[in-house]
Structures are given as structure tokens and as C-alpha cells.
2 protein chains.
Amino acid sequence: MVSETMAAVLLTGHGGLDKLEYQQNVPVPRIGADDVLVKVEACGLNNTDIWTREAAYGENDAGWKGYLDFPIIQGADIAGEIVDIGPNVSEDRIGEKVLVDNALYADAADEFQALVNADLIGSERNGGYAEYAAVPAENAHQIDSSFSATELATFPTAYVTAERMLNRANVGAGDDVFVTGASGGVGTGLIQLARRRGAHVLGLTSSEKADSVRELGADEVVARDEETVPTVIENWTGDGRVDVVADVVGGELFQEFVETLRPGGRLVTAGAVAGPVTEIDLRTVYLKQVHIVGSTMGTRSEFQDLVRYIEDGDIEPLLAETYPLPEIHEAQRHFCRNDYAGNIVVEP
Amino acid sequence: MVSETMAAVLLTGHGGLDKLEYQQNVPVPRIGADDVLVKVEACGLNNTDIWTREAAYGENDAGWKGYLDFPIIQGADIAGEIVDIGPNVSEDRIGEKVLVDNALYADAADEFQALVNADLIGSERNGGYAEYAAVPAENAHQIDSSFSATELATFPTAYVTAERMLNRANVGAGDDVFVTGASGGVGTGLIQLARRRGAHVLGLTSSEKADSVRELGADEVVARDEETVPTVIENWTGDGRVDVVADVVGGELFQEFVETLRPGGRLVTAGAVAGPVTEIDLRTVYLKQVHIVGSTMGTRSEFQDLVRYIEDGDIEPLLAETYPLPEIHEAQRHFCRNDYAGNIVVEP
């Protein structure tokens, strides 16, 4: 039997780290008819947690989709084991090792509409910074892998975001792909998942993380503190241009990223850690007839593909650091320092 | 027999209108083996003429593709009659009424590569501000239409640009399409060509040109001096959003244009008369998963489609004013005042 209370981190409102409170007598979530209860073994950190807490999604006092009813339990990237089920779920699922897709897809005509209208586990519904999480059975994907739960928790949001970015940019074998923010969660996903498709990968990072990025499979690395993007690309490809830029950096370099594209090239953006409001020269866009494509999260099919790649051993986890759940403040400080490659995970 | 000299306007260098010199003893162009000689009956004005003269394509001292060897004869939008042929061209073509595609497509694997590497008649090769122009036979499209040469000369660059924009944005029946710069050459093309596809069209223009834009077929008009884009779109579509923005304006309103898109919507840009360097909020792009697509000119297939639409009577010319060729300065001044709907044409 599962106990009635659990330890969890509650987000009590928008603001600083003090809004994240570790508490030990939080009620274990109720299981809906189509839900499973997952014993959380590990939960990965991601930017959505921070941006939601800081109300940084560009709307007033809002989370991912709008109004949030505090307190909430954040934590999107859950790996664990099913320990209880709702009445509509098969008992066979108890004991399954699962990786959770945090997108609560809307009931819609197609996967795109289901995604853009999705709620998120860890935002509109309580997530994994807790000992237990109740999630829809269809979101808990059984996974057969030799990786630990902690290693698996590095994957979900970052890697499904990366896989969708590559789909949106139509990346295929032989494409030259420039990955900005190559050492972050999404960046390491982009490198591995682009290589999996047979693309050539150039990663932008700092010199201290260049070796980690190369080890992940990047064919070439731009150390942004030592060299400029145009110089490295000039040496990397014959024409000094690439087919695809997969960008999560944005900011002041954005126009430079657009300029690296070949005619007809695609820049896909899924974030802008260096600043979302930036300058663009539309002449570059229309004269070179390039595409700038937005991408967020992933569809159910893309998550299923991700689980398969993990099971097939196509991609490797990059676990930068593990913290016990009570040390969530220190874990998020580390996450925001951005001095590591891969992802940071908390263990309840 | 064609005489050996002709009247023409020579562009003698980058700069103001004084760089455009009307001369009466310019040699009639030599005809290459695959060329035809067209007696120019009318030649439409377009932005490429101005931007090339002003070296405004963002490169130093450059035309459409780079270095220009002055003097050149500009003028891209030629309507006229074939009066002589090169040795590889059938004699049957003499006497044909033709509309000229000004893109000198490169020899390439596909139409996109042929287009992005194209030279232009009126830029890299002498154009239509003259009594005669020698063009490749395949660029001179026979046209069977009751419109006059002067009316036909309003179409080529603007309308093939508009047709390609709609293709790049995948505009189909039922789409809500917002056309910025609705009264210009490309804008009037966008309205008519989008309506031809069964799309609904909202046009942005000034209040004094609102009636002209409505007469062309726009379902609704935003008079930018009297109302704001969000207000009108709010009233026009139930959700206050559109599927497609077809933009040639850019400038300060660009981010507002992006914000009018529905999730998954497409903004296609082919120019930025209000300023090419502008701000964009990448959060709008990635959270709504929209597409920003660059487009320039058109392919050979798209020009052939345009000729067919004209012959079928699907679209109407919008002739704002006609000037005799010697009055090119006055014609270009009028063109740049932007106080009319449609296009301006000169007649040699």
C-alpha cells in the first residue's frame, strides 16, 4: 500500500527560489480512472520549471498556458515505476518501469492541434518533484532499458523537444546542422538525434565544454569564447553555410545564425536562453528564401520514437549531476549556472 | 528591318534619379543565338529598379546579385512584340505578342536552385526601359489576352512574386490571409491570387486606398491610419487570428504581424518597404510553432501559371498611371510616393 502523505516540493507562487518549498506531509495524489500512480525514482530539471516560476513566458503572471492555481508541484521529466492504477487501467501495468511524457495532449483532430493545446504535467497538473505522481496511463510509457531511472530522467522534455525540432526542420542524412547551445539538455539531444539521422553536426558551446560536445558526436565545435561562428563554418563546409540551424539560444547572435543558412535553409527555434526579443534582417530571410520555424515540445508519436531510440541504444544519457529532492534550490542554482553538459536530475 | 540605334534610359551608377539618363542613340541590343528581340511596348516599374539604383540590397555597392557593370538598362516588366530572332529560334515566333519573365534561371538540378542562382533582366542583363530588348526566347511567353501591352506590363514581377509567396505559404481554399501593403504591386497581386485560390483576404492599407483594395476583392480592409491590426482582425475572424500573413512591409509592425498568426500559421515575407531590420520576439515563433518563410521572385512554372491566369481572365490589371519613357524620373517619383493602388508603367 502507498502511504497517504509524501515528500514534495511545492511552488507557492511566481518569484525566486524561496517560492519552492520542500514539505514532508503533502497528500499523495488521487488517481483518476485513467491514471496510473508512479513512484518517482528520478525527475529531470528543465527550463519550463524556471520560466514558469519566473513568469517569463511573455504573458502577465502566467505559466505555460496561462493562469496557474498555486501551489503546484513542478517537475516534468519523470522516470519511475507504476505502483497503483485507476479502475480503467489494466492491473498488468503495476510494476512497469516507465518514462513519462509530460504533455497532456488535447482531444483534437490531429497531432499538431493536440500538442499546441496540451496542458503539461508539472505545470497545469502536478509533476515529479515528489515521491509520487498521478499521470494518465497513456503518458507513462513502459521502457526496457539498462539505463537507470536517474539516467532516463535526463531525456524526456529535452530530447522530445530536440526530435521535434529536427522533424520541423526536415533534417535528413547528409544535412549540415548547426546546433547552438550544444551543451544543454536540448543541445545534447539535437547532436545525438541529428547524428542518428546521418546528419553532420557543428555545435556552438564554450571552450571548457567543447570536449564533452565532441564526445557526444559533434563533428566540429565552435568555442564561442575563442572563435566566431562564420570563421568556423567557413572552415567546416566548403561554402561557409549550413542547411539547418537548430537554435535554443537566440539573443544577439540570432541574425548571425540566420546568415549561416544556405538558400532554402531552415532555422528551427525552440527557445532563446540569450534573450527572446532580437533583431532580424528580413532581407536575409527573403533574398535567401530561408525558413524560420518554431517548435515546442513534441507530439505523442515523437515521444514514442524517443522511447524506441533509447531502447535501441541509439542515444546515450548525459547526466551532469544528481541532487536529493530536498536540495532543489541547489539543484536549480546549478542548472542555471550552465557550467555543465547534459542535464541535472533530482531523486525523491 | 530594325534600326541600329534606339531610345533608352541608362543607369550610369548607384545614386539618385540623376543616374538615370534618357538617351536617343543607344545601340539596339545584339541578339544571341537563343534570343528574341522584343519591341518594348510597355515596361512596368518595380522596387528592384529603385533598390538596385540605391544599392539597398544590403551588400556594398551591389545590385541584385553583386557587382554591376554600368551603364545598364533597367526595366524588368516587359510587354511587347517579337520583331527578330536568333538562329536557334523558330521564325514562327516573329510577330508574337509576349510577356517577358525577367528571371534568367540558372542551369540547375531543380527549380529552386535555378531561381536562387538566377540573373535578372534589367539588372545583370539589359532590360525594358528602351525601345528594344533582347531576351532569351524561353523568357518571352506568348500571351493571348485582350489586355493592352500597357496593362500586361503591370503584372510580371509583382504578380509572380505574389504567386510564389502564396505557394511558399501553402495558401489554399478557406485560409484567412492577411495581406500587408495591400495597395502595392505585389499586394494587389496577393489579393487577387489568394482570392483565386478560394482564400479569405484581409488587406492593410491607408484609408484613402481602402476602396481600391476592396474593389480588387479583399473581404476586409484595415485602414492603418484609422484602426489597429489587432482590432480589425478580432472582428474579422472569430479567434482574432489568421492562417497566413503575406508581408512586404516589415518594419515596426513585423512582430505585430507575427502575433496575428494562429498556431502553426505561416508568415511569408518578400520585402520590407517599412524597414528590413526589425525586432522579433522568438517566444511568439516557438510557442505558437509558426513558420516565417522567405520568398523572392518566382520559378519558371510559377510564371507559366501567371500567364495562364491572365489568359483565363482570373486576374485583372491595376494600372495606376502611364508615363512616356523620357519621363522616367517623374514616373519613379510617382512610384516612390506610394499614393496609388496597382502599378506604374512607362511606354517607350
Side-chain angles (χ1 to χ4, degrees), chain A residues 51 56-59 64-65 108 110-113 115-118 161 164-165 168-169 247-251 254-255 257-259 261-299, chain B residues 51 56-59 64-65 108 110-113 115-118 161 164-165 168-169 247-251 254-255 257-259 261-299:
Chain A
W51 293 341
Y57 274 112
E59 306 288 324
W64 163 259
K65 280 192 71 173
D110 59 54
E111 282 206 306
F112 182 81
Q113 290 301 326
L115 172 60
V116 295
N117 294 299
T161 298
R164 179 167 182 76
M165 288 173 77
R168 296 274 290 169
D247 182 34
V248 291
V249 170
F254 187 76
Q255 171 62 17
F257 296 155
V258 177
E259 286 172 11
L261 291 172
R262 296 192 174 120
R266 298 88 75 194
L267 181 148
V268 57
T269 169
V273 293
V277 179
T278 183
E279 273 198 351
I280 186 168
D281 188 335
L282 296 173
R283 288 174 296 197
T284 316
V285 178
Y286 66 75
L287 288 174
K288 292 172 71 178
Q289 308 204 41
V290 299
H291 302 249
I292 296 174
V293 186
S295 186
T296 293
M297 311 287 298
T299 62
Chain B
W51 293 341
Y57 274 113
E59 307 287 323
W64 162 259
K65 281 191 71 174
D110 58 56
E111 282 206 306
F112 182 81
Q113 290 301 323
L115 172 60
V116 295
N117 294 299
T161 298
R164 179 167 182 76
M165 287 174 76
R168 297 275 289 170
D247 182 35
V248 292
V249 170
F254 187 76
Q255 171 62 20
F257 298 155
V258 177
E259 286 171 12
L261 291 172
R262 297 193 172 119
R266 298 88 74 193
L267 181 149
V268 58
T269 169
V273 293
V277 179
T278 183
E279 272 198 352
I280 185 168
D281 188 336
L282 296 173
R283 289 174 295 197
T284 315
V285 179
Y286 66 75
L287 289 175
K288 291 171 71 178
Q289 307 204 43
V290 300
H291 303 247
I292 296 172
V293 186
S295 186
T296 294
M297 311 287 298
T299 62

key: Note, A:T296 side chain near B:K288 side chain (heavy atom, < 4.5 Å)   = no
ask   = Where does B:R266 contact chain A at under 4.5 Å (heavy atoms): side chain, backbone, both or neither?
value = neither
remark   = Interatomic distance, CZ@A:R168 vs OH@B:Y286, rounded to 0.5 Å, equals 14.5 Å
remark   = Taking every heavy atom of A:Q289 against every heavy atom of B:S295, the minimum-distance pair comes out as OE1-CA, 3.8 Å
Closest non-hydrogen atom pair, A:L282 against B:G250 = CD1-CA, 3.7 Å
remark   = Comparing B:T284, B:D247, B:T278, B:T269 against chain A, the one with the most heavy-atom pairs below 4.5 Å turns out to be B:T278
message = With a 4.5 angstrom heavy-atom cut-off, is it the side chain or the backbone of B:V293 that approaches chain A, or both, or neither?
response = both
request  = Considering only heavy atoms and a distance below 4.5 Å, find which of A:M165, A:Q255, A:H291, A:Q113 pairs most often with chain B.
outcome  = A:H291
